[in-house]
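The block underneath contains the structure these notes are about, expressed in structure tokens.
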Amino acid sequence: MTDYNLIFGAVLLFNVAVTFRASSYYKKYFPSPTDTNKNTSSDETSTEAKSSEELTPLSGENDGRDSFRDNDKEKHDADLERGGDPPVVPTSVNAASDNAANIRHAQLLRKYLIVYLLAALSDWLQGPYVYALYDAYGYSQHEIAVLFVAGFGSSMVFGSFIGGMADQCGRRKFIILFAVIYAMSCMTKHFKSFSILMVGRLLGGVATSLLFSVFEAWLIGAHASAGLMSHLGKAFSTAQYGNSIIAIVAGQIANKAANHAEFKPSAEGSGFYTGGYLGPFDVSLVALIVCGLLASALWEENYGESPAENDDDEKAKSSASGALKKAYYTTISNPDILSCGIISSLFEGSMYIFVFMWTPALTTLAKEELGDEFEGLPFGVIFSTFMVCCMAGSSIFSIAMEKLKPEQLAVTVFGVAAFAFAMIVLSASATSTFLAMNLFEMCVGMYFPSMGTMKGMIVPEDKRAAIYNLFRIPLNFIVLFSLLTDLTPRVSFILCGTMMVVATLLQIRLRTRRIGGGN
């Protein structure tokens, strides 16, 4: 019999260990020689600054020093023209610059996380209760499947061009639009009307496209504008870690909200319902309102601009369809961008299939092992274990990035994910299957910051949101295929493992082009 609580405790301890190793506290108490040199240089910076202030003459007390500086500058420029080496920047200056960049990045990250985590909270609150709500309304499994297919189809169709509109019109505006659209989707859940619920699913599909593209595009654009692209990996790692925490918190909040009041119509014979499974959607609605208000107040606007194309006339000539065509031709003409798109679709597609299939897979194994003694699975503990594994994965990414580039790390991530699915397929016990699933969840925690950093470097800024939404088209095809076919969990996991092997091979080629090829 699988001891899920014991595994959760072990995973939690492992997460604490790797999180501490990835934190600044580890570097503070266990500094490497490089860190020690940086700290020493940083301490010397203030002393050198004071010395330079003492040596700098007051206004009107030039003493001819400006002329000497001018002569030195002319000499330095002449040396450069003759091919001489540039002056060596003191280590203390670099340390001061690093400290200033860290402060700016911390401020930027706080602004981003406040808004992004509220958006993630709104999504996590809804997820576990969508099917349950439709079932409570009395719809058949076929009708529920139609609603789910409509949601993914909406994301695939509308998402293909809405990203280009965000690049042109402003990403912050479309993040506010995301909050409005998703809030409207939440409100439709109160109506026991198939047509209104269908509208809600269509709105939800559009909102999902924005959630998984425009937020990331804004973050990368903000880093580029602030000159903080070297900090991008840390930003994605922190966001993924926070997202996992939010998922656990959202599960607890949603559970309390769903049990807070009885599910019933507002009046006898009314089609408007309140309470029960609608509670999580109401809490999500509040989170979305706050999310939109904070994005409007805290975030600066940024656009998908390129140096050669940033004037108003060019923007006026552009259209949503034109932006989509440009994004499409850019993607298929650049092997690195195309590889990123295929790889991300394969991994995220396998992730969605895993979400659909882990419950029946573990349930079947538990029933085989326990027989009549089976009383159900502790889904709350299992889900929390998965999320802690994601947190551990994001911390492992931070540690690995000290020595590896994201292109190198991603090869390992996809290879380990393929191995995890092989274990799931071949395992005959619930314990080993659950451990393999946790291994895959750690890969999920490493994947998002790895892929986010790679896309930040590979995808052009002027078409970023549009291309990100193009990436989601094959992803939605994979999800729709899994919904519309009656595959068993084992066959589904074989499919996932195959996709991971293909992703690994594609990532090896991408790594070779970008690192081995000298790019």
Side-chain angles (χ1 to χ4, degrees), residues 19-59 69 72-73 76 80 85-117 171-172 215-242 294-295 297-303 305 307 394-395 397-406 449 452-454 456-457 461 464:
T19 300
F20 174 71
R21 171 59 184 84
S23 70
S24 58
Y25 292 102
Y26 179 86
K27 294 179 180 178
K28 178 180 179 181
Y29 294 111
F30 305 98
S32 64
T34 305
D35 294 330
T36 303
N37 292 336
K38 285 184 178 180
N39 291 334
T40 303
S41 301
S42 179
D43 293 337
E44 292 173 352
T45 304
S46 58
T47 304
E48 293 186 9
K50 290 180 181 178
S51 301
S52 64
E53 288 176 1
E54 293 173 359
L55 293 173
T56 303
L58 299 173
S59 177
R69 278 195 291 266
D72 288 342
K73 182 178 184 302
H76 164 67
L80 286 180
D85 294 331
V88 177
V89 179
T91 306
S92 58
V93 175
N94 289 333
S97 177
D98 289 344
N99 288 336
N102 288 336
I103 292 172
R104 295 201 317 275
H105 182 253
Q107 294 171 342
L108 171 60
L109 194 55
R110 278 195 295 270
K111 289 195 298 183
Y112 175 73
L113 289 177
I114 289 172
V115 177
Y116 168 71
L117 293 181
R171 291 158 180 166
R172 186 187 67 168
F215 279 84
E216 189 174 316
W218 184 92
L219 179 64
I220 297 172
H223 275 72
S225 299
L228 296 170
M229 287 300 286
S230 61
H231 292 70
L232 189 59
K234 179 181 178 182
F236 280 119
S237 176
T238 305
Q240 177 61 25
Y241 196 93
L294 288 178
L298 298 179
W299 286 15
E300 300 82 16
E301 187 61 275
N302 72 35
Y303 300 86
E305 294 180 345
S394 64
S395 295
F397 166 83
S398 297
I399 298 169
M401 285 297 289
E402 295 174 4
K403 295 183 178 180
L404 298 176
K405 292 185 178 181
T453 306
M454 280 195 296
M457 296 183 294
E461 181 65 24
R464 186 174 301 281

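The backbone N or O of I399 sits nowhere less than 3.5 Å from a side-chain atom of R21 that would complete a donor-acceptor pair. Of the possible donor and acceptor atoms, one in the side chain of W299 sits under 3.5 Å from a partner among the backbone N and O of K111.
Rounding to the nearest 0.5 angstrom, the gap separating the CG atom in L298 from the CD atom in Q107 is 12.5 Å. Atom-to-atom distance recorded for N302:CG and E461:CD is 6.5 Å, nearest 0.5 angstrom. If you take OH on Y303 and OG on S225, they are separated by 12.0 Å, rounding to the nearest 0.5 Å. Between the CD atom in E300 and the CG atom in L108 there is a gap of 8.0 Å [rounded to 0.5 Å]. Interatomic distance, L228 CG to L109 CG, rounded to the nearest 0.5 Å: 10.5 Å. The CZ atom of R110 sits 12.0 Å away from atom OG1 of T238, with the distance rounded to the nearest 0.5 Å.
Of all heavy-atom pairs spanning A239 and Y112, the tightest one is CB-CE2, 4.2 Å. When every heavy atom of W218 is checked against every heavy atom of R172, the shortest pair comes out as CD1-N, 4.3 Å. Residues P406 and M457 share a closest heavy-atom pair of CG-CE, 3.7 Å. The minimum heavy-atom distance linking H231 with A101 is given by the pair CE1-CB, 3.9 Å. What you find for A22 and S395 is that their closest heavy atoms are CB-O, 3.6 Å. The shortest heavy-atom contact between S394 and S237 is O-OG, 2.8 Å.
Within 6.0 Å of CZ in F20 there are more than 12 heavy atoms belonging to other residues, nucleotides or ligands.
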Give the intermediate values and the outcome of side chain to side chain contact (heavy atoms under 4.5 Å, CB included) for residues H105 and H223. CA-CA 8 Å; H105 182 253; H223 275 72; 3.1 Å; yes
Pair T19-Y241, side-chain hydrogen bond (donor to acceptor under 3.5 Å, both in side chains): steps then yes or no: CA-CA 10 Å; T19 300; Y241 196 93; 3.0 Å; yes
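Between F236 and I220, some side-chain heavy-atom pair lies under the 4.5 Å cut-off. Proximity of K405 to T453: side-chain heavy atoms (C-beta onward) are nowhere separated by under 4.5 Å.
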